[in-house]
Amino acid sequence: MTDSPKGASDAIARPARRNSSGLRRDLELLEILGSPEAVEASGLGVSKVAEIAGRDKAQVSRTLATLAEAGLVSRDPDSLLYSLGYGLYALAARTAEARMVSASAPYLKRVSAATHETTHLCVLRGGTVLTLKSEMSNHTYRALGWEGVSVDAWGTSSGRVLVSDWDSTALRDWYDVHAAKISAQRGTGEQDLSPLALESGQVPSAGHAPFKIETFEELCAEIAQIRRRGYAVVDEEFELGVVGVSAPVYDFKQRIVAAINVSAPKQRFGRHLEQAGALAATVAMDFSAALGADLKGRPLHGVKG
């Protein structure tokens, strides 16, 4: 096993030494494994970690083994190098998502107050869309809170927005795994008008609203349109009598991490889809900026307010 070249550790600023033990000393090892040298080398050996930390090699080895059992670090079975573990990344992701949900409240309220419709914050989970938070409208007949509920992403505006920054290869893989089967099955059977639409006064009907986007080529064309205008629209594709719009939320890495969605009965909301989409796009951009997204050079859609 070969550690990093001699002297490479000089590039790493050692954390200030303290006399405390336990958690702080464990965190010191995680900081070392998260350093540029460790990342570029795909990990560090026990000797190098001990050298950088200025600690006994046997003690460092025991600590790293304990952290590996917890999933916070991982050890390559061939090179025996240690790197940060997936458990640590998963914990960071959950923390970031929780902070995003907490920070979303004023932005969801802006959209709900302007549209008088229930507004949702949604994320992608494989082939489904999960609603993390809902801001209720003041309508008697309103979309219920969907917090914690997952639905197939293919027929939703939020699902399409959440994959709108993917490249063609990733889109193709997602379509083959999650979308093609759903699209083929949608044409069978009948679908009653959404209860929400019936309660709001729409005329009862039966049948099914086929997806307007069924092929991979149609998906790519829809993605291109979402990128141009900054939001997606669905018209009775998710449920008969229900329409919706969604706009993307970006994080500090300029990745789409969530979508702001508004869904409502077509009879009440159908004439306002473009205005609502533009509003959702503007608010989503403001939310993205609050999350650290760099929006320089990115076209802003919609109107301020």
Side-chain angles (χ1 to χ4, degrees), residues 97 100-101 103-105 107-112 115 117-137 142-166 170-171 174-175 178-179 182-183 186 194 196 209 211-213 218-219 222-239 241-251 255-266 269-270 272-288 291 293 301-302:
E97 193 167 89
M100 178 178 68
V101 171
S104 70
Y107 300 96
L108 298 181
K109 288 179 181 178
R110 276 178 59 187
V111 177
S112 182
T115 62
E117 301 293 353
T118 299
T119 305
H120 314 279
L121 182 72
C122 307
V123 295
L124 192 66
R125 292 286 189 270
T128 65
V129 167
L130 170 67
T131 298
L132 297 179
K133 186 175 180 62
S134 296
E135 181 65 32
M136 306 300 288
S137 77
R142 62 192 182 188
L144 299 177
W146 283 67
E147 294 177 8
V149 177
S150 295
V151 298
D152 287 329
W154 180 244
T156 67
S157 59
S158 52
R160 295 169 188 173
V161 157
L162 288 165
V163 300
S164 63
D165 64 342
W166 293 10
L171 274 175
W174 186 80
Y175 173 83
H178 300 294
I182 295 173
S183 182
R186 181 63 177 267
S194 163
L196 174 64
F211 292 130
K212 296 177 182 177
I213 301 171
E218 290 171 337
L219 173 62
E222 172 69 5
I223 294 301
Q225 186 175 24
I226 292 171
R227 291 171 178 170
R228 284 194 301 271
R229 66 185 180 184
Y231 59 91
V233 175
V234 293
D235 187 346
E236 296 191 284
E237 294 181 70
F238 176 60
E239 283 186 288
V242 173
V243 296
V245 298
S246 293
V249 175
Y250 297 83
D251 69 0
R255 302 172 307 180
I256 294 176
V257 292
I260 291 180
N261 165 264
V262 187
S263 300
K266 183 174 183 177
F269 196 52
H272 309 294
L273 288 178
E274 298 303 327
Q275 298 97 313
L279 171 68
T282 296
V283 175
M285 282 297 189
D286 290 345
F287 186 22
S288 300
L291 294 177
H301 306 269

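Just so you know, these numbers come straight off a predicted model, no measurement behind them.
Residues V257 and Y250 come closest through the heavy atom pair CG2-C, 4.2 Å. In terms of heavy atoms, V129 sits closest to A153 at CG2-CB, 3.6 Å. Nearest heavy-atom pair, H178 versus G126, reported as atom, atom and distance to 0.1 Å: NE2-C, 3.7 Å. Listed here is the closest heavy atom pair of D286 and R110: OD2-NH1, 3.1 Å. Of all heavy-atom pairs between F269 and A276, the closest is CZ-CB, 3.4 Å. Contact detail for I256 and P248: the closest heavy-atom pair is CD1-CB, 3.7 Å.
When atom types are taken as modelled, the side chain of N261 and the backbone of L121 share no donor-acceptor pair closer than 3.5 angstrom. Remark: side-chain polar atoms of E236 are not paired, donor with acceptor, to backbone N or O of V242 under 3.5 angstrom. The backbone N or O of K109 lies less than 3.5 Å from no partner atom in the side chain of S112, so there is not a single donor-acceptor pair.
For Q225, there are no side-chain hydrogen bond (donor to acceptor under 3.5 Å, both in side chains) partners at least two apart in sequence or on another chain. Every residue two or more places apart in sequence or in another chain that forms a side chain to side chain contact (heavy atoms under 4.5 Å, CB included) with V234 is listed here: S157, R160, E237. Annotation: ring pair (Phe, Tyr, Trp, His ring centres under 6.0 Å) contacts of Y107 (sequence neighbours excluded): F287.
I226 places a side-chain heavy atom less than 4.5 Å from the side chain of V161. Between V111 and E135 the shortest side-chain heavy-atom distance does not fall below 4.5 Å.
Going from atom CZ of R125 over to atom CG of L132 covers 6.5 Å, rounded to the nearest 0.5 Å. How far OG of S246 is from CG of L162: 7.5 Å, rounded to the nearest 0.5 Å. Taken from OG1 in T118 to CG in L108, the straight-line distance is 11.0 Å, to the nearest 0.5 Å. Within the model, atoms OG of S158 and CD1 of I260 stand 12.0 Å from one another, a figure rounded to the nearest 0.5 Å. In this structure, H120 NE2 and M136 CE are separated by 8.0 Å, a value rounded to the nearest 0.5 Å. Between the CD1 atom in I223 and the CD1 atom in I213 there is a gap of 7.5 Å [rounded to 0.5 Å].
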Take H272 and T115 through the test side chain to side chain contact (heavy atoms under 4.5 Å, CB included) and record every step on the way to the result. CA-CA 9 Å; H272 309 294; T115 62; over 6 Å; no
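Electrostatic pairing of K266 and D235 counts as a salt bridge here, judged by a charged N lying under 4.0 Å from a carboxylate O.
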